Amino acid sequence: MNLPSSIEITELGPRDGLQNQKSVITTDTKVAFINALSKTGLRRIEVSSFVNPKWVPQLADAEDVFLNLCRSENVNYTALVPNEHGWNRAMEAGVDEIALMTAVSETFCKRNINTTIAGSIDRMKPLVDSAKANGVGIRGYVSCVVACPYEGEIDAKHVRRVVEQLLDIGVEDISLGETIGVAVPTDIDRLYEALDGILSPEQSILHLHDTHGTALACASFAMQLGVRRFDASSGGLGGCPYAPGAAGNLATEDLVYFANRMGIETGLDLDQLISAVRIIEASLDSPLRGRVYRASSCQDPSS
Ligand code: HMG
Ligand code: MG
């Protein structure tokens with residue numbers, strides 16, 4: 001098998017995971033969760049979103065979470081920033097890296113960020129310039145790269161067009177969002193084929209949701225294509241408020257377990273990760289569905 005010797009995981013649990021929880025998670029719990037994640041070997045954690053709190057009330061405490069974090073110097077703390085207002089809030093909070101967002105589907109874009117795809121790219125341009133001028137890292141999410149919750153299947157050639165626009169405005173770290181978790185490896189194959197010549201698997205980041213239990217199969221296939229950077233969420237937390245029914249991201253521990261068994265370095269400590277998941281699960285309405293986490297809970301007589 002043609003596998004990478006190492007992969008890099010960005011932890012999205014505190015943002016993508018918690019943005020869609022029904023129960024109220026206190027700022028203290030979020031901070032304890034992120035502090036625990038900071039001890040696992042992760043190099044990048046998406047902490048929260050500086051979006052309109054009326055749209056995503058679950059993350060309305062973004063400033064307080066940043067203020068109370070016990071920052072590790074080895075970790076980049078990132079946040080979702082949708083516009084200039086969000087940029088100002090993020091800078092005030094001391095964010096290391098901003099995550100911008102667009103989509104391949106016009107309907108999703110409108111529902112998610114209240115603008116067109118072209119409008120979202122226009123919004124991003126000044127943010128990219130400000131981030132570069134201030135030495136702040138940038139990642140760009142492209143949602144619905146395989147399918148859209150409103151428009152159905154997405155033709156991969158439209159993904160190419162949006163990715164080209166992001167590259168044109170200077171976004172190099174592009175996270176390809178399989179927002180609703182329907183993909184199988186042939187979809188991932190088509191996706192990278194459509195991006196041939198503009199975004200290589202090695203350059204890209206893959207963001208898989210696991211609604212149908214196929215995210216790990218897609219990640220495994222993507223690794224064989226050369227993808228080395230993945231987004232994941234501890235315990236498989238989450239979903240998107242604008243993608244009804246979509247489950248959380250590929251669980252971080254499932255990806256780490258898989259990589260460990262396959263001899264692929266992640267730099268992460270699985271036991272520490274599982275401890276971090278316990279902290280957040282204790283404040284949720286229902287158990288988390290990450291497989292490795294569940295298996296570890298069965299083996300742990302204290303849980
Ligand atoms: P809008 O309503 O069009 O904004 O929202 P507006 O500019 O017309 O402003 C309206 C009000 O919002 C004003 O307040 C602004 O001050 C306020 P008012 O005068 O009415 O009191 N406002 C803000 N407040 C705080 N922070 C801000 C901000 N901006 C405006 N940054 C906006 C546009 C983008 C802000 C809105 O649509 C929004 O917040 N959307 C939330 C999107 C979101 O967080 N979605 C979930 C994350 S995306 C995702 O999960 C997918 C991903 O994981 C990848 C994948 O899986 O595919 C990334
Ligand atoms: Mg997502």
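Quantities reported herein were computed from a predicted structural model and do not represent experimental measurements. Hydrogens, waters and symmetry mates play no part in the numbers below; they use all other heavy atoms, side chains included. All ligand and atom numbering here is 1-based and tracks the order in the structure. Along the sequence shown, the residues carry numbers beginning at 1.
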Side-chain donor-acceptor pair present, [X], [Y], cut-off under 3.5 Å:
X	Y	result
S72	Y77	no
N35	K39	no
E106	T116	no

Closest heavy-atom pair and its distance - P185, A217
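Shortest heavy-atom separation between P185 and A217 comes out as CG-O, 3.8 Å.
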Nearest atoms (heavy-atom pairs only) where A247 meets T211:
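For A247 and T211, the tightest heavy-atom pair comes out as N-OG1, 3.0 Å.
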Does R15 make a cation-pi contact with Y141 (under 6.0 Å, within 45 degrees of the axis)?
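Judged by the rule (NZ or CZ under 6.0 Å from the ring centre, within 45° of its axis), R15 counts as positioned above Y141.
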How far apart are the C-alpha atoms of F50 and F66, what are their side-chain angles, what is the distance that settles it, and do they pass the ring pair (Phe, Tyr, Trp, His ring centres under 6.0 Å) test?
CA-CA 11 Å; F50 292 95; F66 267 95; 5.8 Å; yes
Check each protein residue for a heavy atom under 4.0 Å from ligand 1 and list those that pass, ordered by chain and number.
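Ligand 1 is contacted, at a heavy-atom distance under 4.0 Å, by R15, D16, Q19, F50, V51, N52, P53, K54, W55, V56, L80, P82, N83, H85, G86, R89, M101, N112, I113, N114, R123, Y141, S143, G177, T179, H207, H209, C240, Y242.
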Given a threshold of 2.8 Å, state how many protein N/O/S atoms are nearer than that to the Mg ion (ligand 2).
3
Find the distance between OG1 (T179) and CG (L176) and round it off to the nearest 0.5 Å.
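Going from OG1 on T179 over to CG on L176, the span is 10.0 Å.
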Working to the nearest 0.5 Å, report the span between OG1 of T78 and CD1 of I98.
10.0 Å
